[in-house]
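First comes the structure, then the notes that go with it.
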Amino acid sequence: MKNVRLIYKKTGRSKFISHLDLNRLMIRVLKRSGLPIWFTEGFNPHAFITFALPLSLGFESRYDVMDFRVTDLDLSYEEIFERLKSALPPDIVAVKVYEPTTKPKIICFADFEVYVECDDENYNKLSEFLNGDEIIVEKTTKKKEVKTFNVKGKIKQFSIEKTETGAKVYLCLPAGNIENINPTIIFDSAEKSGIEFDITDVIRDKIYDENLNLFV
Amino acid sequence: MNEKQLTQLLKGVQKPGRYTGGELNSIIKDKSQIDVRFAFCFPDTYEIGMSHLGMKILYSLINNLEWAWCERVFAPWVDMEKNMLEQGVGTFALESLDDINEFDVIGFTLQYELCYTNMLNMLDMSGIPLYSKDRHSLKNLVVVGGPCTCNAEPIADFVDVAFLGEGEEQMVEFLTLYRESKLNGDTKEEFLLKASKIKGVYVPSLYDVSYNDDGTVKEIKPNADVPYPITKAIVEDMDNAFYPENFVVPYIQTVHDRAVQEVFRGCIRGCRFCQAGMIYRPVREKSHSTVSNQAKCLCDTTGYEEVSLASLSTSDYSEIEPLLNDMLDWTEKDKVNISLPSLRIDSFSPELLEKISKVRKSGLTFAPEAGSQRMRDVINKNLDEETILKTCRTAFAGGHCSVKLYFMLGLPTETLEDIEAIGQLGQKIVDEFYHLEDRPKGKGVQVSISLATFVPKPHTPFQWMAQDKLQTVRDKQKHLVESLTTRKIRVSWHDSDTSLLEAVFARGDRRLSKIIYKAFKKGSRFDSWGDFFDIEMWKDCFDEAGLNMEFYANRERSYDEVMPWDHLDFGVTKSFLMRENDKAKEASVTPNCRQQCAGCGANKLLCGGKCFEKR
Ligand code: SF4
């Protein structure tokens with residue numbers, strides 16, 4: 001049995017594939033690839049695949065990670081890469097394939113780029129909002145209660161820069177097993193405070209461990 | 001529309017995956033290199049449309065033509081429709097995201113009558129005139145196919161062309177002609193006249209209908225030099241017929257999320273209520289090696305983990321055992337499940353049952369359609385009680401403990417005893433379970449009875465019969481429930497209001513076009529989805545037009561009456577249908593095609609004129 005990590009980009013129209021659907025899609029991709037996939041044993045055997053960090057519906061990703069296993073030890077990673085590449089749909093692009101040396105549970109942070117459309121006035125307001133001391137957001141707990149808290153302290157790094165049509169906001173946020181902050185809650189909060197803009201795209205970029213070392 | 005606009009459009013929409021395209025095996029072409037763009041529209045949601053086999057076959061077939069590009073279009077759900085209207089976006093195709101008004105041919109597949117208003121809505125959202133007479137150019141030609149075209153009259157005023165029969169045969173010829181005409185600069189009229197000469201191509205505007213004072217059809221007459229009657233097209237040699245090498249694999253879960261392998265067309269049974277069993281005649285099988293190879297190819301290219309063997313009655317397939325043996329060879333290795341829908345219980349052999357349960361243990365479902373033997377003889381459902389009970393016994397012993405049974409209410413000559421017999425049959429199955437010594441231990445039995453309302457359909461022996469009135473159907477449902485004495489039997493039924501409208505359109509004439517138009521204007525959508533269906537609104541439309549539903553649904557017709565579809569020839573002759581209807585009244589059965597030819601006339605569609613010949 002051989003462990004395989006696939007890094008791929010989820011772009012274009014594939015951003016509308018939900019996590020559940022992606023799971024099913026990948027099982028079919030593996031089957032199409034003809035690779036000897038390792039199946040779990042037991043009553044209901046299924047292809048063993050794990051995603052390091054699930055992505056929200058509507059987000060693109062430049063660095064999505066999926067682990068699986070093949071039964072043939074002699075298969076080269078190049079071969080696996082080529083076969084996956086031809087089995088994937090056009091908007092899911094294989095980047096590389098290798099033997100994983102880390103466990104997904106060490107992931108703690110992720111970079112996000114959020115593209116918004118707005119006028120200059122609202123650009124300034126948004127910039128002020130992000131630079132302020134307090135960003136109060138709402139989060140629904142598992143018990144379906146709505147709680148508010150200040151998310152500012154959770155933002156590891158951020159920046160905002162002007163684009164032709166509005167702004168590009170960069171955010172590094174907690175992501176992974178322990179804590180997850182979805183960038184959209186920050187923008188929901190900005191909207192509530194009266195700033196007007198349209199989010200046109202959200203891209204998740206690099207992912208990190210707790211010391212902000214790149215997760216590979 | 002571009003992807004950015006699509007993102008805007010999808011804000012707040014549930015199930016965005018319905019509208020985004022980009023799936024595995026979807027086909028993108030360079031439109032500047034294309035002569036004929038074809039919008040294949042399914043007038044229902046993505047999940048339903050993407051489960052439909054005919055669309056998959058034609059999608060592949062048309063896209064195999066270098067100069068044509070076939071794209072898929074589905075009806076937007078109400079939330080998406082709202083966004084589209086607000087943002088000024090018309091009905092669009094999933095591959096290019098282009099508006100369907102940019103397409104040469106706009107094709108709808110009509111699988112059930114209650115999708116007609118969706119068809120109008122999809123055209124209207126793109127600003128395409130709804131009536132055929134208001135579309136003057138060759139571009140945006142509206143064509144329809146699917147079983148509903150066997151009586152295309154209720155939508156005749158909207159469509160330019162209706163395809164009768166099997167699309168693989170006519171489509172390439174039709175599109176080739178279209179391409180020539182387009183490059184030639186032919187007018188729409190010139191093209192339609194030429195197209196009407198292609199087998200199975202029906203151009204409603206080239207035929208006139210007149211009516212008697214009592215509202216029945218007087219005469220249907222060609223108004224140009226065109227065929228009369230118009231005969232359906234069929235594929236003769238199923239082994240060499242086109243079959244796709246791959247399917248578009250949806251991202252989101254669809255109704256049938258698996259590979260579908262067609263096994264044969266037509267049906268050897270002659271159930272008298274069943275339209276599919278009549279209009280797809282004669283039966284034409286693929287050889288078991290073709291089926292197995294095609295299925296393997298599909299699973300390889302799609303990555304599906306399940307393949308279903310599709311036909312009207314798969315257990316009647318003459319090579320079912322060799323087929324299953326062939327398939328098990330590779331499905332076990334590839335971890336693919338085989339699913340066998342619509343198995344008829346009278347052809348279950350213990351060996352076959354064993355094989356199926358080795359493959360997959362799914363629910364036991366049977367369709368006796370009627371409770372009493374007399375009633376089953378009337379409808380020619382060749383199935384007796386002992387066979388049902390025997391099969392249940394075998395299945396119970398094999399570990400099953402729930403059974404689902406499908407029945408129809410309102411069948412011709414039905415009495416209250418026939419209805420009680422439905423419950424009694426359920427009871428006998430329950431008793432069978434408890435009498436069995438090796439029944440599953442520690443479990444109870446559950447029999448579910450699902451009731452549909454009988455809808456008389458054109459081209460069937462019951463095409464002359466009346467549908468029960470709504471109140472009668474409700475009384476019968478109640479009667480059945482009251483006759484039950486055990487809670488081991490559960491009864492459920494479909495809404496009978498929709499069955500009424502279905503009956504109206506199934507046997508309607510051209511005057512119904514204006515009713516459909518009115519209902520569409522009043523906001524009717526997704527009528528087959530109970531959530532939106534409003535029978536009162538439909539009644540208003542009929543009142544306003546001075547027509548009534550009872551005339552179409554609840555009236556018994558005489559053999560002399562001209563049927564609105566008499567000019568459409570699906571192989572089975574009217575005299576055969578009359579014979580069968582007469583036999584039904586005497587509860588006399590007709591053997592299946594393999595036992596003895598009943599002389600239905602469909603053999604004339606085949607070159608040699610013979611339905612069964614040694615391969
Ligand atoms: S011609 Fe005879 S064998 Fe052929 S479909 Fe009709 S009844 Fe069946």
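Proteins get letters first, then strands, A, B, ... in listed order; numbering begins at 1 in each. Keep in mind it's a predicted model, so treat the numbers as computed, not measured.
For B/D257, the parts lying near chain A are the backbone and the side chain together; criterion is any non-hydrogen pair under 4.5 Å. With a 4.5 Å cut-off on non-hydrogen atoms, B/S26 does not touch chain A at all. Only the backbone of A/L88 comes within less than 4.5 Å of a heavy atom of chain B; no side-chain atom from C-beta onward does.
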*List the steps, then state whether side chain to side chain contact (heavy atoms under 4.5 Å, CB included) holds for B/V249 with A/L25.*
CA-CA 9 Å; B/V249 185; A/L25 169 77; 5.8 Å; no

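Around atom NZ of A/K9, no more than 12 heavy atoms belonging to other residues, nucleotides or ligands sit under 6.0 Å away. In the displayed structure, A/K192 atom NZ is contacted under 6.0 Å by at most 12 heavy atoms of other residues, nucleotides or ligands. No more than 12 heavy atoms of other residues, nucleotides or ligands lie within 6.0 Å of NZ in A/K85, so this atom counts as exposed by the packing criterion. Within 6.0 Å of CD in B/Q87 there are more than 12 heavy atoms belonging to other residues, nucleotides or ligands. For A/K2, the NZ atom is densely surrounded, since the number of other residues' heavy atoms within 6.0 Å is greater than 12. Around NZ of A/K125, the count of heavy atoms belonging to other residues, nucleotides or ligands within 6.0 Å exceeds 12. For A/K139, the NZ atom sits in a packed shell: over 12 heavy atoms of surrounding residues, nucleotides or ligands are nearer than 6.0 Å. Applying the 6.0 Å contact sphere to CD of A/E196 captures no more than 12 heavy atoms from other residues, nucleotides or ligands.
To the nearest 0.5 Å, the span separating CG on A/D21 from CD on B/Q253 amounts to 7.5 Å. To the nearest 0.5 Å, atoms CG (B/D300) and CZ (A/R32) are separated by 10.0 Å. A/D91 CG to B/T20 OG1: the interatomic distance, rounded to the nearest 0.5 Å, is 9.0 Å.
With a 4.5 Å cut-off on side-chain heavy atoms, A/S18 and B/K15 do not count as touching. A/K31 has its side chain out of reach of B/T302: every pair of non-hydrogen atoms, C-beta onward, lies at least 4.5 Å apart.
Per-residue counts of heavy-atom pairs under 4.5 Å with chain A were compared for B/I28, B/L6, B/D334, B/L10; the largest is that of B/L10. In terms of heavy-atom pairs under 4.5 angstrom with chain A, the leader among B/K11, B/K335, B/K4, B/E23 is B/K335. Among B/G17, B/P250, B/G21, the residue with the largest count of heavy-atom pairs under 4.5 Å with chain A is B/G21.
At least one donor-acceptor pair under 3.5 Å links the side chain of A/R24 to the backbone N or O of B/Y251. No side-chain donor-acceptor contact under 3.5 Å links A/R28 to the backbone of B/Y304.
By the 4.0 Å N-to-carboxylate-O rule, B/E3 lies close enough to A/R13 to be salt-bridged with it.
When every heavy atom of B/P16 is checked against every heavy atom of A/L57, the shortest pair comes out as CG-CD2, 3.8 Å. Residue A/P89 comes nearest to B/G22 through the heavy atom pair CB-O, 4.0 Å, listed as atom of the first residue, atom of the second, then distance.
A donor-acceptor pair shorter than 3.5 Å can be found between the side chains of B/T7 and A/K15.
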